[in-house]
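Heads up: the structure comes next, in structure tokens.
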Amino acid sequence: MGLGLVDCHCHLSASDFDNDLDDVLEKARKANVMALVAVAEHAGEFERIMQLSERYNGFVLPCLGVHPVQELSPEKPRSVTLKDLDVALPIIEKYKDRLLAIGEVGLDFTPRYAGTDEEKEEQRQVLIRQVQLAKRLNVPLNVHSRSAGRPTISLLREQGAKQVLLHAFDGRPSVAMEGARAGYYFSIPPSIVRSGQKQKLVKQLPLSSICLETDSPALGPEKLLCSLSDTE
């Protein structure tokens, strides 16, 4: 029997899967996927992700964390606040022994989400606290960075983060190499087929630093109107 694949970053709690999640996961099994790493963006998703990890024990692997952009309503995405993290932390503590990783966490300095220095600094503080949490629990970090490749990798290194997966990294390959030298992994989504930046990235990264992800329901091979997670 050959080795199976692992989807290192996906959003199985997204409403896109409300009607067909069983079918999606069955197709994944048939495609030789042996595990899916399900990440969260806010505390409202945590219970759903934990329920999925129970129902599909050993197949859906749970991550809980607070994303730098909070899309609690589609019309009003906003930069994360420490209050968002305060709501999330007790639930993370409750499930800490069952988590694969803390995620999805990171920095997103896209101007329409983080237009001020204050918002960027609050994102940094939210990330620092989650890096320290992951270190205390001895679990990896599943990390988002958009328009913030260098600041993200610099912060992770300054905070002594050792177990790191950078998902759909959109920074310069030279910056990514700093992460690779620090022992960080990079997961590459199917949207690589339409992204010159990601194609340059994988040509420079060592094969041993590369993982696979779908970021589903975003970042597929074809561009769709989809959630904030789509960085293209």
Side-chain angles (χ1 to χ4, degrees), residues 3-42 44-45 48-49 52-53 56 59-63 65 67-75 77 100-101 103-108 110 112-113 141-149 152 165-173 176 185-205 207 209-232:
L3 293 174
L5 303 168
V6 175
D7 181 351
C8 289
H9 184 107
C10 59
H11 295 266
L12 296 181
S13 58
S15 58
D16 306 63
F17 295 120
D18 283 354
N19 298 318
D20 64 351
L21 184 60
D22 287 331
D23 291 341
V24 168
L25 293 177
E26 187 55 35
K27 284 180 182 173
R29 282 189 200 275
K30 287 178 178 171
N32 202 30
V33 174
M34 59 187 282
L36 300 98
V37 177
V39 297
E41 294 186 350
H42 56 82
E45 295 181 287
R48 169 77 171 147
I49 288 170
L52 290 172
S53 73
Y56 302 98
F59 188 50
V60 172
L61 309 177
C63 304
H67 191 284
V69 177
Q70 294 293 289
E71 192 183 10
L72 301 174
S73 70
E75 312 82 49
L100 178 76
E104 171 177 5
V105 303
L107 300 177
D108 193 317
T110 308
R112 70 180 182 274
Y113 305 136
L141 291 151
N142 201 309
V143 180
H144 167 105
S145 61
R146 182 163 47 191
S147 302
T152 301
L165 176 81
L166 289 141
H167 112 89
F169 188 75
D170 75 347
R172 291 194 181 105
Y185 294 90
F186 293 78
S187 56
I188 309 298
S191 61
I192 186 174
V193 300
R194 54 187 170 86
S195 169
Q197 178 271 338
K198 288 186 176 64
Q199 289 168 24
K200 287 178 188 168
L201 179 66
V202 297
K203 284 175 182 170
Q204 292 200 29
L205 283 171
L207 192 57
S209 301
I210 296 176
C211 299
L212 299 176
E213 65 162 271
T214 62
D215 197 25
S216 58
L219 295 188
E222 297 173 12
K223 189 167 177 65
L224 302 170
L225 289 171
C226 54
S227 74
L228 281 179
S229 305
D230 199 329
T231 58
E232 251 69 88

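Heavy atoms only: backbone and side chains are in, while hydrogens, waters and symmetry mates are out.
- Nearest heavy atoms, Asn142 versus Cys8: ND2-O, 3.0 Å.
- Closest approach of Asp215 to Asp7, counting heavy atoms only: N-OD1, 4.4 Å.
- Of the options Glu104, Glu213, His167, a side chain to side chain contact (heavy atoms under 4.5 Å, CB included) to Val39 is made by Glu104 and by none of the others.
- Side-chain contact between Tyr113 and Pro68: absent, with no pair of heavy atoms (C-beta onward) separated by less than 4.5 Å.
- For Asp22, the salt bridge (charged side-chain N to carboxylate O under 4.0 Å, His left out) criterion is met by Arg55, not counting sequence neighbours.
- In this view, Ser209 satisfies the side chain to side chain donor-acceptor pair (under 3.5 Å) rule with no residue, not counting sequence neighbours.
- Between Phe186 and Ala176, the closest heavy-atom pair is CZ-O, 3.3 Å.
- Inter-residue side-chain proximity for Leu52 and Leu21 is flagged as met; some heavy-atom pair is nearer than 4.5 Å.
- Within 6.0 Å of the CG atom in Asp18, the count of heavy atoms belonging to other residues, nucleotides or ligands exceeds 12.
- Taking 4.5 Å as the limit, some side-chain heavy atom of Leu201 sits within range of a side-chain heavy atom of Ile188.
- Between Arg146 and Asp108 there is a salt bridge, with a side-chain nitrogen of the basic residue lying less than 4.0 Å from a carboxylate oxygen of the acidic one.
- A distance of 14.0 Å separates OH of Tyr185 from CG of Leu141, quoted to the nearest 0.5 Å.
- For Ala38, the side chain to side chain contact (heavy atoms under 4.5 Å, CB included) criterion is met by Leu12, Ile49, Val60, not counting sequence neighbours.
- Here the closest non-hydrogen pair linking Cys10 and Leu36 is SG-CB, 3.9 Å.
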